[in-house]
Amino acid sequence: MPTKLSFTATVSLCRDCLAEFERTQRSCVVCGSDRMVSHPELGTLTTAHIDCDAFYAAIEKRDNPDLVDKPVLIGGGKRGVVSTACYIARKYGPRSAMPMYTALKMCPHAVVIRPNMAKYAEASRQVRGIFDSATPIVEPLSLDEAFLDLAGTTTLFQRSAAATLAFVAREIERQVRITVSIGLSYNKFLAKIASDLDKPRGFAVIGMADAVSRLHDMPITKIPGVGPSLADRLKVDGFFKIGDLQAKPESELAQRYGETGVQLARRARGQDTRRINTERESKSVSAETTFNDDVSDIVELRRQLWLQSERVSERLKKNGLAGRAIALKLKTSRFKLVTRQHRLAAPTQLAEVIFRSGEMLLVKEAKGAHYRLIGIGVDDLCEADLADPPDLFADGPGRQAGIEKAMDAVRAKFGRKAIGKGRATRTK
Amino acid sequence: MKIVIERAALLKSLGHVQSVVERRNTIPILSNVRIDAAKGNMSLHATDMDIEIAESTAADVGKGGATTTPVLTLYEIVRKLPDGAQVELTTSSDGGQIALAAGRSKFTLACLPVEDFPAMSGGDLSHSFKLGAADLRGLIDRTKFAISTEETRYYLNGIYVHATKSDGVNVLRAVATDGHRLARVEVPLPDGAAGMPGVIVPRKTVGELRKLIDETDADIEISLSDAKIRFGFDNVVLTSKLIDGTFPDYERVIPSGNDKTLEINRKDLANAVDRVSAISSEKSRSIKMACEKGMITLSASSPEAGSATEEVEASYAAGQLEIGFNSRYLLDILQQVEGDAARFSMSDAASPTIIRDVADGSAVYVLMPMRV
C-alpha cells in the first residue's frame, strides 16, 4: 500500500484510538469508542488552542483523591481572588478571578486551597514537553494554555493534525493525569473560541465554512479585547451578539470605533492574521499583593510598594532586563482599579528607582482611600546594559546600582532576609 | 463692561497670556482669561495656579468692568479676524456672556464670575533687581537643555538661580542638571541681588518666560522670595511659584583635578559627532572618543546598523584616553559653545568631563561619560 501523504480527506477521528475516517462515523469501528470528533474540514485545519481543564484544581485533585468529588477553589487567603474553581464548584457559581468571599458565599462547603505554584509549574513543564513533541511551533499563553501550529506535521507523523492533537490530549491524560480541551481551526482567534466550546475534556472544531455562523450568536465579549467598558459602549450602540457586528460593513465600524472597529469587524467574520509566535518576549514584569485587610495608611502602602518593587527588581535582574515605564496599580476597597504610569529618562532594573517612581505616583493618588491591592510593574523592556547610567549625584540611579549590587551579593550568600532596607519593616 | 480695541493689540496680549493655560483642564475657570477694563486700559490675566501671566494694554473703555471667558476660544477668534479690525467686547447685563463684534462677525462666549478666578498674590517679595533681557536670555538658553524631566527628582526640574562668588567676583549664577549633564552659567551680580535666596525656577516657567522676552530689549525687573518669583517688563508681568526643594551641592560634582586637556574646533567636532552618531543605536546613542596626540577618533557601532569612525584634528598632549559619551548630550553642549574652540578637561573614562567655551569663561558644562 502506498504511503498516504495527505490526510486532507479525514472527516472523522476517534479520540481514543486515533483512527481516521473519510466518512462521518458516530462511533469508532476500530475500537468501539464513541468519543468521535467529526467535521467536514477536520483533515485540513492545523491551528490549535489547548487549554488545561481547571488546571490548578485538577492537579490538587490528582494529588489528593479525597477531593475528587468535592467542590475545590484554588486561591489566596480570606481576601484573595479565586485562581481556579473546579467543575464541581462551578455548578454553584464560582468562577476564576472572582473574590474568594463572593465565591464562598455561593459555595460555602467548598474546599479552599492555597495555590502551590511550584507544583503547577512542574505540571506545566510536563505538558509543555508533550506539546513540543507534537510541533516545534508552540506559543504558551500561560501555565495552562498554548497555541500550537501543526501545519506540516502530517507527513512526519503520518496522521492529520487533528489526530496528533488527540494524541497530545491522550498523552497528557496518561503522563500528567489531568485533562485538556482542544480547539482546532484555521486561526488563533477561532482556535481559542473553539477550545472553550466543549469543556472539559473537549475537542471542538471551527472550519472556514461554518465560522461565521458559529460566531453569529455568541456574545461580543467572546472577542478578545472586548472588556466590560467596550462591551457597554457597543451595547449602547446596539451590538449585543457577534452577529450584530457581522451585519455592519467594516468601513462603518472603522468609522465609529477607529482601529478597534476594524479589529471587531474582522474578528466577527472569523478573520485573524496573527501568526503563532514561539518567541514571545515578556513585555512587562510586575508584582502585586492583595491585603488581608484594606489599607489606607500611606506608610503601610509605601512598605508594601517597596516589597513589590524588590520582587520586580529581582526578576528583572535575574533575566538581564530593564524597563523605562513604571506602572502603579491600585484597587480600592470598592474594586475600582486605578493604574498610573511614569516614564523614566533611562531604563532601570533597580528596586530603588522602581519604588521611587511608584511612590511618587502613589502619593499623588492615595489620599486616604482604602485599598485592597497594590502592584507595581515595569514596561517597555530592554536589555540591562543600557540601564541605570552613571549619575553625577549620589541620589541618582547610578549610585543606587552600587548599593543594590552589594545588597544582592549579601543576599546571594546569606539568604534573602540577611539584609534589607529599613522601609521594609513594619513601623507599628 | 464695554471695550473697543484694535485686533493686533488684543491678539498680541492674548498670545502672551494664553500659552500658560493648560489645554486640558478639570477646573473650568482655569481655562478662562480674566479681562479687566478701566480708564483707557484693558488687562488680561491667565493662570495654571503655578504661573500667572498678566498684561495690560491701552483700549477704548466705554464702560469699565471685569469678567472671565475661555481664553483659547477667544484667542482663536481674534487670530482669525482680518488684520486691522476693530474688536468690540461687551458683557451682557447679567454678566453671563460676553459679546464680541468685529465688522460683520459676531460671537457670544460664556463667562464665569470674576470672583472665582484664582488670584496669585505676590506675597512679600524680599529681593528685587534688574537684569538686561539679553543677559536673562543667555542664562536661560545655555542651561535650559540640561533641566531634568524626571519627576522623581523634582528639585532638578528647573534652573537653580543664586548669588555667589566666582573667582572673587560677585555673580548671579544659573545651574541646571539632569544627573547626566550639568550647565553652569553666570553674569555679574546685578544691584539688589546680593543676599537673595537660591531659588529653583520650574521648567514650565522658564519656557513661558523665554517666549515672553524673546523680542524685547528692555531691562527685566525681577523680584523674588523663597517661594515666588516675578518677572516684569513693558506691560507684562509673569509671577510663578518656585520649586520647593533643595538643589544638590552641584559644586562637588564639578571636578577640579581633571588634567587631560583637549582643545578642538567646535564646528568640526559637532559635525563629526553628528555623522558618526547616525550609526549608534537609537536607545543608547553612545559614541566613543579616542584621544591621542594631535587628534581624536570618534567611533560608534551597533549590531543592527554597522559601524562608523571619523578622525578630527585636535590639540591634545596628554596620555591616550578612550571615553564614551551620549552623542545627543555632547551635541547639546557643543551647541551652547559660541566661540570657535571647545576645551575638554578629562580625567578618565568613568569620571565627569568638563567642557568650556575657550572664548567665554562664563559657562561651564559637565558631562558624565557612558560605559562603552
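Sequence lines set the chain letters: A, B, ... in the order given, protein chains first and strands last, and positions in each chain run from 1.
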Heavy-atom contact with chain B under 4.5 Å, split by part of Arg343(A): backbone
Nearest heavy atoms of Asp385(A) and Arg371(B), plus distance in Å: O-NH2, 4.0 Å
Part of Arg252(B) within contact of chain A (heavy atom distance under 4.5 Å): neither
Closest non-hydrogen atom pair between His342(A) and Thr152(B), with its separation: NE2-CG2, 4.3 Å
Shortest non-hydrogen contact between Ala345(A) and Glu150(B), atoms and distance: N-OE1, 3.3 Å
Verdict with reasoning, Asp391(A) to Arg153(B), per side chain to side chain contact (heavy atoms under 4.5 Å, CB included): CA-CA 13 Å; Asp391(A) 196 278; Arg153(B) 288 198 275 177; 2.7 Å; yes
Neighbour count above 12 (heavy atom, 6.0 Å) for Arg416(A) CZ: no
Greater than 12 external heavy atoms within 6.0 Å of Arg24(B)'s CZ: no
Other residues, nucleotides, ligands: >12 heavy atoms within 6.0 Å of Gln341(A) CD: yes
Student check: side-chain heavy atoms of Pro389(A) and Met368(B) closer than 4.5 Å: no
Lys367(A) atom NZ: more than 12 heavy-atom contacts under 6.0 Å: yes
Phe393(A): which of Val253(B), Asp249(B), Asp178(B) passes side chain to side chain contact (heavy atoms under 4.5 Å, CB included): Val253(B)
Enclosure of Arg275(B) CZ (heavy-atom neighbours >12, cutoff 6.0 Å): yes
Enclosure of Glu383(A) CD (heavy-atom neighbours >12, cutoff 6.0 Å): no
Heavy atoms of other groups near Lys405(A) NZ, more than 12 under 6.0 Å: no
Heavy-atom pair of closest approach, residues Pro369(B) and Pro390(A): O-CG, 3.8 Å
Under 4.5 Å from any heavy atom of chain A - which part of Ser148(B): neither
